Peer 1: 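Take a look at the following structure, please.
Note that the structure is a prediction, hence the values are computed from the model and not measured. Hydrogens, waters and symmetry mates are skipped; everything else that's a heavy atom, side chains included, is used.
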Amino acid sequence: MPQANFYSKPTSVYWTCKALLDQRTISQLTQIQNVKGWRLGAIIHRLKHEYGWPIHTEYTSPGHVALYSLAPGTDRAALRFPKSAKSLAQGEDAA
């Protein structure tokens, strides 16, 4: 039987989309601190490959922590949004 929240919690997906749209650079630690989520890499992968978001990934040294940010100049109106973050498409900030 499929589980509705198997991949990521809707709050984690929403938080990730909002943080990127707010031009923040985020990491797994940032997500843990904000929404106690552990699936940032999976969410970023889906946003890039399934929804076509232009997300930039940079790796730090020596820990090789991934830092994610939305490409500068990205048009919010051109983005496709996951179900749990649809309200962000119109610029709404309430979850």
Peer 1: So, do L47 and P82 sit near enough that their side-chain heavy atoms are less than 4.5 Å apart?
Peer 2: yes

Peer 1: Please name the residue in the list I55, L70, L40 that meets the side-chain contact (heavy atoms from CB on, under 4.5 Å) test with I26.
Peer 2: L40

Peer 1: I'd like to know if the side chain of Q28 and the backbone of A66 have a donor-acceptor N/O pair within less than 3.5 Å.
Peer 2: no

Peer 1: Stepwise, does the side chain to side chain contact (heavy atoms under 4.5 Å, CB included) test hold for I44 with L20?
Peer 2: CA-CA 10 Å; I44 294 294; L20 292 171; 4.0 Å; yes

Peer 1: State, with a plain yes or no, whether a side-chain heavy atom of L88 is found less than 4.5 Å away from one of L21.
Peer 2: yes

Peer 1: Of all heavy-atom pairs between Q31 and R39, which one has the smallest distance, and what is that distance?
Peer 2: OE1-N, 3.6 Å

Peer 1: Please name the pair of heavy atoms, one in T57 and one in K48, separated by the smallest distance, quoted to 0.1 Å.
Peer 2: OG1-NZ, 3.6 Å

Peer 1: Looking only at heavy atoms, which two atoms of G37 and I32 are closest? And how far apart?
Peer 2: O-CG1, 3.3 Å

Peer 1: Please walk me through it: do S69 and Q23 pass side chain to side chain contact (heavy atoms under 4.5 Å, CB included)?
Peer 2: CA-CA 7 Å; S69 60; Q23 294 301 307; over 6 Å; no

Peer 1: Show the nearest heavy-atom pair for residues P54 and T74, with the distance to one decimal.
Peer 2: CG-OG1, 3.5 Å

Peer 1: With a 3.5 Å distance limit and no angle check, can you tell me whether D22 reaches the backbone of R24 through a side-chain donor-acceptor pair?
Peer 2: no

Peer 1: Please report the interatomic distance CG(N34) to NZ(K18), rounded to the nearest 0.5 Å.
Peer 2: 11.0 Å

Peer 1: Which pairs, with at least one residue in residues 50-73 and sequence neighbours excluded, count as a ring-ring contact (aromatic ring centres under 6.0 Å, His included)?
Peer 2: W53-F81

Peer 1: If I compare all heavy atoms of Y14 with all of A85, which pair ends up nearest, and what's the gap?
Peer 2: CD1-CA, 4.0 Å

Peer 1: Would you find a donor on one side and an acceptor on the other, under 3.5 Å apart, between the side chain of T16 and the backbone of S12?
Peer 2: yes

Peer 1: Mind running side chain to side chain contact (heavy atoms under 4.5 Å, CB included) on I43 and W15 for me, showing each step along the way?
Peer 2: CA-CA 10 Å; I43 294 168; W15 176 86; over 6 Å; no

Peer 1: Determine whether a donor-acceptor pair (N or O, by modelled atom type, separation under 3.5 Å) exists between the side chain of E58 and the backbone of L67.
Peer 2: no

